[in-house]
Number of protein chains: 2
Amino acid sequence: MGYAHVMRDEVDDLSEAWAHERPDLDLGPVEIFSRLSRLSRHLDLARRDAFSGSGIESWEFDVLAALRRAGDPYELSPGRLLRETLVTSGTMTNRVDRLASRGLVERLPDPADRRGVLVRLTPDGKATVDSAFEALLAAEREFLDGLSGDQQSQLTDLLRRLLVPFSS
Amino acid sequence: MGYAHVMRDEVDDLSEAWAHERPDLDLGPVEIFSRLSRLSRHLDLARRDAFSGSGIESWEFDVLAALRRAGDPYELSPGRLLRETLVTSGTMTNRVDRLASRGLVERLPDPADRRGVLVRLTPDGKATVDSAFEALLAAEREFLDGLSGDQQSQLTDLLRRLLVPFSS
DNA sequence: TCGGAATATCTTGACATCAAGAGAAATCGA
DNA sequence: TCGATTTCTCTTGATGTCAAGATATTCCGA
């Protein structure tokens, strides 16, 4: 049966308050989307802690991880990187500048398109992102403690259903 | 049976790439937390669109909504507001400044504590947040189209389990 | 082949956020 | 009652992000 009937989170308070003030509205979406956005906020903060041991920040990990999982030779264009990380082009220019000045990536001319460049992970960048990824996984695993394997699969499936419309 | 076996989202690509590069790691957490964080990012962007009709931005809604659901007389301290919205005190000072200059809230001295102030929703602020909230609910409801009522309840329950540890 | 439209990246200026700390008032133990 | 600690809000300076636009190159239809 589980403990659903005794568990109470911050969104229960929030939606109860809304229900009191606006009993005329259907607050269904609040139950899901407020939890999603608050969870994401809490997890961002926890992620920052997890990365502090590896000496990088979350935005750095996002870029390095995209390059890392692209596989050898760990190269992607800035355009591809910004689509993977959902930021604007100005932001990505700035991120690559800072990562390059730290020696974690380097810019190369794209041999196939003279407008373009390629961003490549350096050996230093690869070691950094590998260590950060392991720390992140370890931290995240703790947050899944309260969920059985079945529940984790269910949650994955439900989140995928929500995400599909956004995945072009 | 549903369509789980044919649905594929952007995180399926991402985790497949990781599995290829790091077959030594247990990537379970990625399936859930990457989806949470990417969903949250997409939803933030959608929220911005939903609010543009009401003439406010997401950060303004967050503050106005906290005051609105507090109920008459729609007053909270800055400290309470920053705990509800998970931002720092400097951010909240800045937010209240800008909302006050737009006439949506006003600052009052706290009669019970001379260090403190109270932030109160103006009638204009109340009308604004009520209209924005209805627009938000309408937009969010569309994203839930792909989930049955049962699935929405399941998702709510699973998200609550993840959120409880963060809800002090 | 040529010109317009699309694409790729970078630049600029404004702005929201944060971390750290300052100042004022309240609280609590001795 | 007094002093130390805590609480509450605001200030400051640095920084990351965005929107809009500039520049260079490629693509594509006529």
Side-chain angles (χ1 to χ4, degrees), chain A residues 37 40-42 44-49 51-52 55-64 66-67 75-102 104-120 168, chain B residues 37-38 40-42 44-49 51-52 56-64 66-67 75-102 104-120 168:
Chain A
S37 101
S40 170
R41 182 83 175 113
H42 285 300
D44 277 350
L45 296 173
R47 219 160 75 112
R48 189 184 313 176
D49 291 342
F51 289 143
S52 67
I56 64 172
E57 312 205 15
S58 298
W59 64 262
E60 295 181 291
F61 177 80
D62 288 338
V63 178
L64 298 178
L67 293 169
E75 291 174 355
L76 289 175
S77 69
R80 176 75 185 278
L81 280 171
L82 66 90
R83 279 185 296 275
E84 294 239 1
T85 56
L86 306 178
V87 300
T88 62
S89 65
T91 297
M92 189 51 66
T93 297
N94 188 22
R95 287 184 175 188
V96 173
D97 284 349
R98 285 175 283 155
L99 286 168
S101 79
R102 288 194 53 190
L104 301 176
V105 305
E106 53 192 348
R107 270 197 185 85
L108 310 168
D110 183 340
D113 184 339
R114 276 188 295 175
R115 291 170 304 182
V117 302
L118 291 175
V119 182
R120 176 193 290 167
S168 62
Chain B
S37 103
R38 296 186 76 89
S40 170
R41 182 81 176 112
H42 285 300
D44 277 349
L45 297 173
R47 219 161 76 111
R48 188 184 313 177
D49 290 343
F51 288 145
S52 66
I56 64 172
E57 312 204 12
S58 298
W59 64 262
E60 296 181 290
F61 178 80
D62 288 338
V63 178
L64 298 178
L67 294 169
E75 289 174 356
L76 290 175
S77 70
R80 176 75 185 278
L81 280 172
L82 66 91
R83 280 186 295 277
E84 296 240 359
T85 56
L86 306 177
V87 298
T88 62
S89 64
T91 297
M92 189 52 66
T93 297
N94 189 20
R95 287 184 175 188
V96 173
D97 284 349
R98 284 173 284 154
L99 286 169
S101 79
R102 289 193 52 189
L104 300 177
V105 305
E106 54 192 347
R107 270 195 185 86
L108 309 169
D110 182 341
D113 184 339
R114 275 188 296 172
R115 292 169 304 181
V117 303
L118 291 175
V119 181
R120 176 192 291 168
S168 63

* To do: Compare side-chain N and O positions of B/Arg48 against OP1 and OP2 of D/dA19 and report whether any pair is under 4.0 Å apart.
  => yes
* To do: Return no unless some side-chain N or O of B/Arg114 is found under 4.0 Å from OP1 or OP2 of C/dA24.
  => no
What pair of heavy atoms forms the shortest contact from [X] to [Y], and how long is it?
X	Y	answer
B/Phe51	B/Glu57	CD1-C, 4.3 Å
A/Leu118	A/Pro111	CD1-CD, 4.1 Å
A/Arg83	B/Arg38	O-NH2, 4.2 Å

Please state how far atom [atom1] in [X] lies from atom [atom2] in [N], giving the value in whole angstrom units.
X	N	atom1	atom2	value
A/Leu86	D/dA19	CG	P	13 Å
B/Leu108	D/dT9	CG	P	13 Å
B/Glu57	C/dA16	CD	P	7 Å
B/Asp49	D/dA19	CG	C1'	14 Å
A/Leu82	D/dT17	CG	C1'	13 Å
B/Arg83	D/dT7	CZ	P	10 Å
A/Trp59	D/dC18	CH2	P	13 Å
B/Asp44	D/dT17	CG	C1'	13 Å

* Asked: Out of A/Arg95, A/Arg102, A/Arg98, which residue meets the salt bridge (charged side-chain N to carboxylate O under 4.0 Å, His left out) rule with A/Glu60?
  -> A/Arg102
* More than 12 non-hydrogen atoms from neighbouring residues, nucleotides or ligands closer than 6.0 Å to CZ on A/Arg114, yes or no? -> no
* **N/O donor-acceptor pair under 3.5 Å between B/Ser40 side chain and B/Ser37 backbone** => no
* Kindly indicate, with the supporting measurements, whether the criterion salt bridge (Lys or Arg N to Asp or Glu O under 4.0 Å) is fulfilled by A/Arg115 and A/Asp110. => CA-CA 8 Å; A/Arg115 291 170 304 182; A/Asp110 183 340; over 6 Å; no
* Structure fact -> Here the residues of residues 91-102 of chain B within 4.0 Å heavy-atom distance, strictly under, of DNA chain D are B/Thr93
* Structure fact -> The answer to which of A/Thr88 and A/Ala112 contacts DNA chain D further toward the 5' end, by nearest nucleotide, is A/Thr88
Taking only the side-chain heavy atoms of [X] (C-beta and beyond), determine which of [options] contains the nearest atom.
X	options	answer
A/Ser89	D/dT9, D/dG21, D/dC10	D/dG21
A/Asp113	D/dT26, D/dA20, C/dA19	D/dT26
A/Val87	D/dC18, C/dC18, C/dG21	D/dC18

* Asked: Under 3.5 Å, is there an N or O donor on one side and an acceptor on the other linking the side chain of B/Arg115 and the base of D/dT7?
  -> yes
* To do: Name the residue closer to the 5' end of DNA chain C, choosing between A/Leu45 and A/Gly90 according to the nucleotide with the nearest heavy atom.
  => A/Gly90
* Asked: Pick from A/Val119, A/Leu82, A/Leu104: which one makes a side chain to side chain contact (heavy atoms under 4.5 Å, CB included) with A/Val96?
  -> A/Val119
* **Bending between helix ends of the helix from C/dT1-D/dA30 to C/dA30-D/dT1 [5 pairs per end, 10° resolution]** => 30°
* Asked: How is A/Arg80 classified with respect to the nucleic acid when contacts are heavy atoms under 4.0 Å: base, sugar-phosphate, or nothing?
  -> nothing
* Quick one: CG on A/Leu45 to CG on B/Leu86, what's the gap to the nearest 0.5 Å? -> 7.0 Å
* **Flag for B/Thr91-B/Thr88: side-chain donor and acceptor within less than 3.5 Å** => yes
